[in-house]
Amino acid sequence: MPELPEVETVRRSLIPLITGKKIARVSLYYPKIINGDSKLFQALLVGRTFETIDRRGKYLLFRFDEHLTMISHLRMEGKYYLEPTVQPHNKHVHVVFELTDGTSLQYQDVRKFGRMQLVDTGTEAQVSGIKLLGPEPLSSDFTVSAFQQGLQRHHKAIKPVLLDQKVVTGLGNIYVDEVLWLSQINPLTPANQLTLAQVKELHQQIIAELTKAVAAGGTTIRSYVDASGHSGHFQFDLNVYGEEGKPCPRCQTTIVKIKVGGRGTHFCPHCQPLPLGWHLNETEDAVVGGAHE
DNA sequence: ACCTAATCCTGCATGC
DNA sequence: TGCATGCAGGATTAGG
């Protein structure tokens, strides 16, 4: 599931493969991947040359000549790679960008959740999905005070607040669980109840963790690979995600998995104690209230 | 305005 | 073995 480090790794690995190449034709095998008019999408890309790729949060921004930008979100399992021919690699390839040199850039997405759309370069910031994104966590915009102000506006649990991309963008389910463990903050803690010390710690851990994960080429769980087919290495640095039932690397207490905001959530009940008033019942659901029956 | 649940999809794991 | 069921989840949308 690509989060910021994986999307960034895709961006970096894809740039040298496609820069300067020209599109001869676009084949669509699942038009729903395209937001807006899919015929227009195909027509506008013919004759365009890839210039570079930028990134905003988890969105890739493919830059072409003629002020054209293709916004692409990989969602769960989207992948790009270069094929030596124009034939689709397999049944999960939904978009083929045929290049004038006889090769093709192919987009594969087993779950068909990914989306692409074309905009005039420079207008991408107004597109829904990008418009409301919070600061880039690895940029100077992501300050402690901006982070604190963002958290202050939410009284729901910190986990869904970090997932919704508005306070800070780029974190997904894996890295949220990891940074909360690193910061020793329970995922159910109301965002506006974090102490200043906790906000500072979380801010620093988000930056440190994402920086390390980018350097490791991302995290490969299930299926992620970059544009050259390489797996990431950061899965070996995970402490809680997917580790339910195993000992916490810090205190040896058994890691538990619960649902928070509808998402699987891993944490250490000792290092990340539940907020006041919460407890886990026998099926490890987090519930509010006393243990009385 | 706020929050939760359902939605989209497929592959894989589980259970009978 | 085969079939049904459930689970995974990012972002959007529908509903309360």
Side-chain angles (χ1 to χ4, degrees), chain A residues 1-8 10 28-36 38 55-61 71-79 88-95 107-117 124-134 136-137 150-180 187-193 210 213 218-225 235 238 240-245 256-266 283-288:
Chain A
M1 45 218 77
E3 306 179 29
L4 186 150
E6 293 74 39
V7 178
E8 178 62 16
V10 168
L28 287 179
Y29 299 94
Y30 185 75
K32 276 184 71 177
I33 292 278
I34 311 303
N35 282 335
S38 62
R55 180 186 58 73
R56 177 75 175 99
K58 304 176 196 172
Y59 292 83
L60 289 168
L61 305 171
I71 303 171
S72 172
H73 198 301
L74 306 173
R75 293 286 181 90
M76 306 302 299
E77 303 207 20
K79 293 172 185 59
H89 183 259
N90 62 42
K91 67 171 179 173
H92 299 302
V93 169
H94 310 305
V95 187
Y107 178 75
Q108 180 189 70
D109 189 343
V110 168
R111 295 195 196 173
K112 301 177 173 173
F113 277 8
R115 291 295 180 265
M116 303 174 191
Q117 85 179 85
E124 60 273 359
Q126 292 141 46
V127 170
S128 74
I130 295 187
K131 185 160 49 178
L132 298 177
L133 293 181
E136 287 292 323
L151 295 178
Q152 209 57 45
R153 289 185 281 112
H154 295 94
H155 61 268
K156 66 178 173 182
I158 183 67
K159 163 117 189 191
V161 170
L162 292 178
L163 281 178
D164 90 355
Q165 311 298 305
K166 292 187 181 71
V167 174
V168 60
T169 186
L171 296 167
N173 209 37
I174 296 173
Y175 293 110
V176 167
D177 283 3
E178 292 298 317
V179 297
L180 289 174
L188 288 164
T189 311
N192 62 0
Q193 285 181 29
L210 293 178
T219 300
T220 294
I221 293 201
R222 304 174 59 91
S223 67
Y224 163 78
V225 288
Q235 59 274 21
L238 299 182
V240 282
Y241 186 87
E243 300 292 305
E244 63 270 27
V256 298
K257 181 180 182 182
I258 63 173
K259 286 259 185 205
V260 180
R263 295 291 172 244
T265 298
H266 312 73
T283 55
E284 289 181 343
D285 294 320
V287 291
V288 189

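In the text below, chain A, chain B and the rest are named by the order of the sequence lines, each starting its count at 1. What you see is a predicted model; the values in this text were computed from it and never measured.
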Pair A:D177 + A:K159, salt bridge at N-O below 4.0 Å: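 So A:D177 pairs with A:K159 through a salt bridge.
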NZ/NE/NH1/NH2 to OD/OE distance under 4.0 Å, A:R55 and A:E136: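 Answer for the salt bridge query: yes.
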From [options], pick the nucleotide closest to the side chain of [X]?
X      : options               : answer
A:H155 : C:dG9, C:dA11, B:dC3  : B:dC3
A:Y30  : C:dG9, B:dT10, B:dC9  : B:dC9
A:K257 : C:dG10, C:dA8, B:dG11 : C:dA8
A:Q165 : C:dA11, B:dC9, B:dG11 : C:dA11

Closest non-hydrogen atom pair, A:H266 against A:V240: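 In this case the closest contact between A:H266 and A:V240 is CB-O, 3.3 Å.
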5′-ward residue of the pair A:K32/A:G261 relative to DNA chain B: A:G261
Which residue lies more 5' along DNA chain B, comparing A:H92 with A:R75 via nearest heavy atoms: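 Looking at the nearest nucleotide for each, A:R75 comes out on the 5' side.
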Whichever of A:G262 and A:S128 has its nearest DNA chain C nucleotide further upstream toward 5':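 Upstream on the strand: A:G262.
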Polar pair under 3.5 Å, donor/acceptor by atom type, side chain A:R111, base C:dA8: yes
Aromatic stack A:F113/C:dA11: centroid gap under 5.5 Å, interplanar angle under 30°: no
